[in-house]
Amino acid sequence: MPRLGVADTLRVALGVLAPTVAQGAIARRPRAMALAERLDLDARAVATVQDLHRRYGDVPVRLALPGRRLALVLGPDDVHQVLQDSPEPFALANREKKGALGQFQPHGVLVSHGRVREQRRAVNETVLDTPRPVHRLAPTVVAAVREEARAVAERAASSHRLDWDTFSAGWRRMVRRVVLGDTARDDEALQRDLDALRYRANWSYFAPRDRSRRDRLRRRLAAYVERAEPGSLAGLLAETAGGDEEVDPVDQLPQWLFAFDPAGMATIRALALLAVEPDERTRVRAEMDEGDPGAPRELRRLRAAVLESVRLWPTTPMILRETTRDTEWAGARVPSGTAMLVYTPYLHRDDDDLAVAHRFAPDLWLRDGPTGPPDGARTDWPLVPFSEGPGVCPGQNLVLLTASTFLATLLEHHDHALTHPRALDPAYVPGVISPFRVRFRTRAR
């Protein structure tokens, strides 16, 4: 495995790692994202990784970092291998992830390994209905999504403005109802505690634990599990996991609440993409008109728009794994404890290998649809908006159900004209768009 020199290591550290960390790995920082948007820092980071790939080829490259063995995975086949061969020998529960998520979910599945991870993962997959496009709680879920999305659309229409504050307030009310039940709709105190712990988690193991706040959050979540409101994920969790101390049902909930936040960011950015692509918006509305708007269903074109939003602006820009034992790679030994880094913006925006890298191309996700994938789309290229392999997000289908339903409801009786960013071009999408700065002019249709 080639070892980068000091100059190249500094380029990666300052041009790739630092901007990603500054924007917030666990909770996004609005000011840092605004700066990243203004300077298009992710596009610069992608160019840096592309340059390394051109010079070193597909093999991973090791960074000359003091005190930490870290390798950057460059080749598509190696990306597939690392993600498919998780958690052995590439553990998901690496040092940085445990330091970060330990702030608010020390017994979550993402920071677990071995048999206990298998048990927790099985519970997560059962409750989240991982393989099903339409969750078995869909009637209740869809009703809550539509009610909150309608309130957002009506408020935006009355002020003629839809922005992040209006959108996220409704989105979070919906998330609390879906995860914890209707009684959690206005539980802002729980939300404040979770947000504070997530911002602390941005510092990983460098920040001391706020045990008092974490214990308070846990008590509030435990009350919802004990209440087990019918139609909620917490209710289903109580039924599935019972009081299994090893699984720790309560500690699975923070991840679900946390993961829905970046899903909201992907959703408002998908709305921005649809606002500047009238042909796709027409196709989306035609699909919406095909059935009962209140019925749970798989809105494939809207799901594709959300997937494109996550491809163009990954909500998990760095996928980390850690070798659990010495591993052979391309004839070289990779020592145990080496962090393997997959930089997803590079994979999703590498125009050396993906002709549509910078375009809004929802047909990438509709291979059996009427139009099919665009020219230049490689079927073997690792597009990993929700990761891949045994570590794939178990809530992917539930996220896509809620996001597509929320979008459909926003579009059902209202038009949203993008006012910021003004220059968004679906033919060449910039590397960063801060969801906190997205704005629309909204009116009733």
Side-chain angles (χ1 to χ4, degrees), residues 4 8-29 32-33 36 41-50 52-53 60-63 65 68-76 78-87 90-103 108 110-111 198-199 201-207 255 258-259 261-263 265-266 309-323 337-350 382-389 391-393 431-432 434-435:
L4 298 182
D8 277 335
T9 296
L10 283 174
R11 287 180 63 209
V12 174
L14 298 177
V16 180
L17 303 183
T20 303
V21 171
Q23 290 176 65
I26 306 298
R28 297 292 187 268
R29 298 183 175 103
M33 290 204 73
L41 292 182
D42 283 18
R44 299 182 185 208
V46 168
T48 296
V49 181
Q50 279 184 306
L52 292 176
H53 189 208
V61 292
R62 183 176 169 185
L63 276 64
L65 295 174
R68 186 66 167 124
R69 287 191 294 267
L70 189 149
L72 182 62
V73 185
L74 299 175
D78 288 345
V79 170
H80 287 306
Q81 181 180 343
V82 167
L83 298 183
Q84 292 292 340
D85 291 352
S86 300
F90 304 108
L92 291 90
N94 79 307
R95 189 190 312 174
E96 288 76 16
K97 195 180 296 180
K98 286 193 280 189
L101 298 184
Q103 294 281 0
L110 290 179
V111 290
R198 287 178 55 207
Y199 276 109
N202 279 339
W203 298 99
S204 189
Y205 43 72
F206 293 108
Q255 174 62 27
F258 150 51
D261 251 23
M265 296 176 186
S309 172
V310 186
R311 179 185 73 83
L312 292 164
W313 304 293
T315 53
T316 305
M318 293 192 296
I319 299 176
L320 287 167
R321 298 289 187 265
E322 189 163 310
T323 53
T338 299
M340 310 298 293
L341 169 62
V342 175
Y343 184 60
T344 50
Y346 155 67
L347 296 175
H348 294 179
R349 292 294 197 110
D350 182 14
L383 300 177
V384 287
F386 288 87
S387 194
E388 181 184 276
V392 69
C393 173
V432 184
S434 169

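Atoms considered below: every heavy atom in the structure, side chains included; atoms not considered: hydrogens, waters and symmetry mates.
Under the 3.5 Å distance criterion, the side-chain polar atoms of T338 are left unmatched by any main-chain donor or acceptor of T323. Side-chain atoms of Q103 come within 3.5 Å of backbone atoms of A207 as a donor-acceptor pair (strictly under, hydrogens ignored). Not a single donor-acceptor pair under 3.5 Å links the side chain of N202 to the backbone N or O of G24. Remark: the backbone N or O of V384 is paired with a side-chain donor or acceptor of H348 at under 3.5 angstrom. Using modelled atom types, no side-chain atom of R311 and backbone atom of P385 make a donor-acceptor pair closer than 3.5 Å. In this structure, the side chain of S387 does not engage the main chain of V392 through any donor-acceptor pair within 3.5 Å.
With values rounded to the nearest 0.5 angstrom, K97 atom NZ is found 11.0 Å from S204 atom OG. M318 CE to E96 CD: the interatomic distance, rounded to the nearest 0.5 Å, is 8.5 Å. Atom OG1 of residue T48 and atom NE2 of residue H53 lie 15.0 Å apart, to the nearest 0.5 angstrom. For the atom pair CZ of R69 and CD of E322, the computed distance is 8.5 Å after rounding to the nearest 0.5 Å. Between atom OG of residue S86 and atom CD of residue Q81 there is a gap of 10.0 Å, rounded to the nearest 0.5 Å. Separating the CZ atom in R349 from the CG atom in L312 is a distance of 4.5 Å, to the nearest 0.5 Å.
With sequence neighbours left out, V49 forms a side-chain contact (heavy atoms from CB on, under 4.5 Å) with V16, L72, L74, Y343, Y346. Judged as a side chain to side chain donor-acceptor pair (under 3.5 Å), and not counting sequence neighbours, the contacts of D78 are W329.
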Residues L341, L17; criterion side chain to side chain contact (heavy atoms under 4.5 Å, CB included); working and verdict: CA-CA 10 Å; L341 169 62; L17 303 183; 3.5 Å; yes

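Between I319 and V82, the closest side-chain pair of non-hydrogen atoms is not below 4.5 Å. In this structure, the side chains of R321 and L83 come closer than 4.5 Å at one or more pairs of heavy atoms. V12 places none of its side-chain heavy atoms less than 4.5 Å from the side chain of V61.
Taking both residues in full, the closest heavy atoms of M33 and Q23 are given as CE-OE1, 3.9 Å, listed atom of the first, atom of the second, then distance. Of all heavy-atom pairs spanning G391 and L92, the tightest one is CA-CD2, 3.6 Å. Closest approach of R28 and T316 over heavy atoms only: NH2-N, 4.2 Å. For R68 against A339, the heavy-atom pair with the smallest separation is NH2-CB, 3.5 Å. Heavy-atom minimum distance, V111 versus A93: C-CB, 3.6 Å. Summarising the geometry of P382 relative to P76, their closest heavy-atom pair is CD-CB, 3.5 Å, with the distance given to 0.1 Å.
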